[in-house]
Amino acid sequence: MTSTHLGLLTGLVLGLAAAFGGFAAFFLVLVLGALGLLTGRYLDGKLDLSALSGRDRG
């Protein structure tokens, strides 16, 4: 299991644990799942955030 998968699953589980039921819970799970996915992609090295800082590494 890659860090991407682990991050996505962690975010989804935390979202379900934080709020269960209703439409607001759906969005909470969606946001936490996306954050987990992005964290996992960053840890896998598949997401480059250097463009957001405005600095060029070259």
Side-chain angles (χ1 to χ4, degrees):
M1 180 178 290
T2 64
S3 294
T4 300
H5 292 121
L6 184 61
L8 177 60
L9 289 175
T10 302
L12 290 173
V13 169
L14 288 175
L16 288 171
F20 181 76
F23 195 67
F26 169 76
F27 281 113
L28 182 62
V29 171
L30 181 69
V31 168
L32 290 176
L35 286 174
L37 176 65
L38 290 174
T39 303
R41 302 272 305 168
Y42 178 75
L43 292 174
D44 279 344
K46 295 180 181 179
L47 181 65
D48 184 20
L49 298 176
S50 64
L52 296 176
S53 66
R55 297 182 191 169
D56 187 17
R57 291 187 172 195

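Positions are given from 1, in the same order as the sequence printed here. Note that this is a predicted model, so its numbers are computed, not measured.
Atom CG of residue Leu12 and atom CG of residue Leu35 lie 11.0 Å apart, to the nearest 0.5 angstrom. Separation of atoms CG (Asp44) and OG1 (Thr39) is listed at 11.0 Å; rounding is to 0.5 Å. In this structure, CG on Leu37 lies 11.5 Å from CG on Leu6, to the nearest 0.5 angstrom.
Across all non-hydrogen atoms, the minimal contact from Ser3 to Leu43 is CB-CB, 4.0 Å.
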